[in-house]
**Student:** 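What follows is a single structure, and I will ask about it in a moment.
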Amino acid sequence: MMDAKPTVLVAEKLGDAGLELLKTFSNVDCSYNLSPEELCTKISLCDALIVRSGTKVTREVFERSSGRLKVVGRAGVGIDNVDLSAATEHGCLVVNAPTANTIAAAEHGIALLTSMARSIAQADASVKSGLWQVAEKQICRSVASGENTCCDRVGKVGSEVARRAKGLGMNVIAHDPYAPADRAHAIGVELVRFEEAISSADFISLHMPLTPATSKMFNDETFSKMKKGVRIVNVARGGVIDEKALVRALDSGIVAQAALDVFTEEPPPTDSKLVQHENVIATPHLGASTTEAQDGVAIEIAEAVVGALKGELAATAVNAPMVPAEVLLELAPFVVLAEKLGRLAVQLVAGGSGVQSVKVSYASARGPGDLDTRLLRAMITKGIIEPISNVFVNLVNADFTAKQRGIRITEERIVLDGSPDNPLEFIQVQIANVESKFASAISESGEIKVQGRVKDRKPHLTMIGSFGVDVSMEGSLILCRQVDQPGMIGKVGSILGEENVNVSFMTVGRIAPRKQAVMTIGVDEEPSKEALKRIGEITAIEEFVFLKL
Ligand SMILES: NC(=O)c1ccc[n+]([C@@H]2O[C@H](COP(=O)([O-])OP(=O)(O)OC[C@H]3O[C@@H](n4cnc5c(N)ncnc54)[C@H](O)[C@@H]3O)[C@@H](O)[C@H]2O)c1
Ligand SMILES: O=C(O)[C@H](O)COP(=O)(O)O
């Protein structure tokens with residue numbers, strides 16, 4: 001018998017509180033120190049994976065999961081060890097735990113800064129070796145002399161380092177291209193340009209993420225612009241520094257000392273010139289490793305992973321838009337409607353047409369800023385793509401998958417008068433430049449058009465092409481275009497009855513009495529080919545189509 005519980009692979013040490021929480025909902029496999037091959041082998045049996053910074057979650061991991069891996073939880077902040085593009089392409093949500101280790105990292109930064117300034121590590125080694133002294137040149141002036149400035153970033157860790165550095169009596173300036181000036185101002189930090197920051201600081205403490213833009217941003221050129229004798233602290237990511245250039249800057253004396261918690265390669269090679277340099281103190285990526293931080297991170301990530309496995313949208317999602325819970329609740333029935341409209345519209349496309357251009361219209365009395373359509377768009381995309389491919393589409397990979405298949409989805413708002421209580425009056429999906437297997441689904445302007453509303457929190461189809469209908473979108477549908485005349489409902493109904501197909505509803509949408517009409521028939525079972533053939537043979541029926549919702 002299949003185990004109904006999802007399986008979570010915890011690949012690096014996680015706090016007990018987090019593990020307990022995971023166990024209430026899933027089977028937890030704690031397998032630490034897996035080789036890349038072992039991870040790839042295990043992953044096809046796992047619904048979620050939790051890592052810290054020591055595990056590389058590569059494209060191969062997603063490929064080898066064969067679609068089973070739905071969530072990667074990064075128990076910490078930095079997600080540079082997770083291939084986010086590959087995760088997104090595979091519809092795998094990535095969540096992190098961005099807040100619980102901030103203070104620990106900031107404290108470690110300050111500990112490194114002050115230890116470096118007072119050569120604590122060298123002094124300790126000197127005492128232990130019986131020398132009772134440490135070279136004078138390694139000791140800098142008091143950090144609180146007021147002449148020292150600390151160049152920083154004003155993200156979470158950077159802000160906490162800045163507060164603490166100010167408490168030590170340092171002047172703090174910061175460079176952060178994305179930080180609002182008022183936030184910096186609130187913590188008493190002056191935001192300056194990069195050149196000014198690096199050329200005027202006595203201490204430089206790094207707190208940016210590792211991204212293509214920050215990779216090796218500290219290099220020969222930047223070191224050459226620094227004040228001679230500058231001291232550098234890095235508790236962010238090793239990769240933001242060109243480590244060979246740092247060794248050169250240390251040798252030349254531009255950089256007097258460096259205190260490093262993070263390295264390009266972790267652990268660094270034992271013969272690393274940087275680690276072995278006399279003016280470098282090094283710690284083994286310890287910034288987040290306090291008991292409090294690890295307990296907090298474990299709970300934060302376990303909650304995010306369990307929530308994501310339950311299908312909830314995670315607040316700390318890294319590769320999917322975040323939709324607040326209250327918005328989600330309000331939009332829930334429209335989410336169902338959106339997917340069904342997409343599913344219906346694509347089934348009306350004649351084979352070989354190739355869907356390229358989809359227009360979605362949202363009719364609402366709300367202002368454009370009051371309606372978040374990202375989730376609706378994703379669900380329409382899901383409805384359009386899933387029936388014609390074997391790709392699993394979700395909020396994470398919807399836009400990517402549409403783009404990859406060359407489907408352009410445009411959105412427009414139809415602004416209505418009336419009460420904004422209801423988020424949406426109707427949603428309309430149009431597919432342009434295609435032929436339809438049900439010609440009546442083509443609107444006057446030439447596109448396949450379907451429109452739906454939510455009634456009593458249930459999705460209803462309200463228009464096909466130019467025909468107004470009113471059909472609950474459940475089960476499957478038979479659409480027939482016919483000449484409006486008495487007895488049609490009975491004729492079709494009796495064929496389905498003879499075939500033991502249960503009819504859930506029938507409605508007729510017509511342009512005018514005795515003219516063309518579209519009959520929509522909801523059925524609980526799929527009619528046989530023979531039954532559909534017999535319906536098609538009824539003289540007044542001009543065309544018909546069977547659709548699964
Ligand atoms: N050593 C550790 O154990 C440890 C612990 C926690 C965090 N970290 C690392 O510390 C760093 C900061 O973490 P955080 O939680 O403060 O993240 P955060 O996202 O709150 O802050 C990052 C800041 O960097 C800024 N930034 C982005 N690109 C930049 C650029 N090109 N130049 C300058 N600034 C830029 C952002 O605007 C943001 O303000 C991350 O690299 C994280 O991985 C390390
Ligand atoms: O990005 C982070 O959160 C820190 O670098 C901590 O990493 P760790 O979880 O591997 O200690």
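Hydrogens, waters and symmetry mates play no part in the numbers below; they use all other heavy atoms, side chains included. Residues: numbered from 1 along the sequence shown. Just so you know, ligand 1 is whichever comes first in the structure, and atom 1 is the first atom listed for that ligand.
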**Student:** State whether Arg164 and Glu160 are salt-bridged, where the test is any N-O pair (Lys NZ or Arg NE/NH1/NH2 against Asp/Glu carboxylate O) under 4.0 Å.
**Tutor:** yes
**Student:** Can Asp261 and Thr283 be counted as having a side-chain donor-acceptor contact under 3.5 angstrom?
**Tutor:** yes
**Student:** Closer than 4.0 Å to some heavy atom of Ala288 - which atoms of ligand 2 meet that?
**Tutor:** 6 (C), 11 (O)
**Student:** Side chains of Thr373 and Glu411 only: does a donor on one sit below 3.5 Å from an acceptor on the other?
**Tutor:**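 There is such a pair (donor and acceptor under 3.5 Å, judged by atom type) between the side chains of Thr373 and Glu411.
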**Student:** Which is closest to atom 11 (O) of ligand 2 in terms of heavy atoms, His285, Lys13, Arg52?
**Tutor:** Arg52
**Student:** Using a 3.5 Å cut-off on N or O atoms only, is Met208 in polar contact with ligand 1?
**Tutor:** yes
**Student:** Need the ligand 2 atom indices (1-based, order shown) with element for anything under 4.0 Å from a heavy-atom of Val77.
**Tutor:** 1 (O), 2 (C), 3 (O)
**Student:** Please determine if Gly54 has a nitrogen or oxygen closer than 3.5 Å to a nitrogen or oxygen of ligand 2.
**Tutor:**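 No; the residue has no nitrogen or oxygen that sits under 3.5 Å from a nitrogen or oxygen of the ligand.
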**Student:** Whether Glu221 and Lys225 form a salt bridge (side-chain N of Lys/Arg under 4.0 Å from carboxylate O of Asp/Glu) is what I want to check.
**Tutor:**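 Here Lys225 pairs with Glu221 in a salt bridge, since their nearest N and O are under 4.0 Å apart.
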**Student:** Enumerate, atom names and distances included, each donor-acceptor pair closer than 3.5 Å involving a side-chain atom of residues 69-79, sequence neighbours excluded.
**Tutor:**
{"unit_1": "Lys70", "atom_1": "NZ", "unit_2": "Gly67", "atom_2": "O", "d": "2.4"}
{"unit_1": "Arg74", "atom_1": "NE", "unit_2": "Gly78", "atom_2": "O", "d": "2.6"}

**Student:** Over 60° means perpendicular and under 30° means parallel, so classify the ring planes of Phe218 and Phe194, tilted if in between.
**Tutor:**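 Rings of Phe194 and Phe218: perpendicular, as their planes differ by over 60°.
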**Student:** What I want to know is whether Gln294 and ligand 2 share at least one N or O pair that is separated by under 3.5 angstrom.
**Tutor:** no
**Student:** State plainly whether the residues Asp399 and Lys403 are in salt-bridge range, i.e. N to O under 4.0 Å.
**Tutor:**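 Result for this pair is no, no salt bridge flagged.
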**Student:** Under 4.0 angstrom from ligand 2, any heavy atom of Ala75?
**Tutor:**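 A heavy atom of Ala75 does come that close to ligand 2.
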**Student:** At a non-hydrogen distance cut-off of under 4.0 Å, which region of Ser53 contacts ligand 2 (side chain, backbone, both, or neither)?
**Tutor:** both
**Student:** Would you kindly specify which portion of Glu12 sits under 4.0 Å from ligand 2, judged on non-hydrogen atoms: side chain, backbone, both or neither?
**Tutor:** neither
**Student:** So is Gly78 polar-close to ligand 2, meaning N/O to N/O under 3.5 Å?
**Tutor:** yes
**Student:** With backbone taken as N, CA, C and O and side chain as the heavy atoms from C-beta onward, which portion of Glu266 lies under 4.0 Å from ligand 2: side chain, backbone, both, or neither?
**Tutor:**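 The answer is neither; Glu266 stays 4.0 Å or more away.
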**Student:** Relative to ligand 2, is Val297 under 4.0 angstrom through side chain, backbone, both or neither, heavy atoms considered?
**Tutor:** neither
**Student:** Does Arg405 reach the main-chain N or O of Thr401 with its side chain, forming a donor-acceptor pair under 3.5 Å?
**Tutor:**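 Absent.
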**Student:** Is there a heavy atom of Pro177 sitting under 4.0 angstrom from any atom of ligand 1?
**Tutor:**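 So Pro177 counts as touching ligand 1.
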**Student:** Enumerate the residue pairs fulfilling salt bridge (charged side-chain N to carboxylate O under 4.0 Å, His left out) with a member in residues 91-117, sequence neighbours excluded, ordered by first and then second residue.
**Tutor:**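 Not a single pair qualifies under salt bridge (charged side-chain N to carboxylate O under 4.0 Å, His left out).
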**Student:** Tell me: protein heavy atom nearest atom 7 (O) of ligand 2, and distance?
**Tutor:**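 I find the closest protein heavy atom is Arg74 NH2, 3.1 Å.
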**Student:** Below 4.0 Å from ligand 1: does a non-hydrogen atom of Val235 turn up there or not?
**Tutor:** yes
**Student:** Below the 3.5 angstrom mark, is there an N/O of Asp261, backbone or side chain, next to an N/O of ligand 1?
**Tutor:** yes
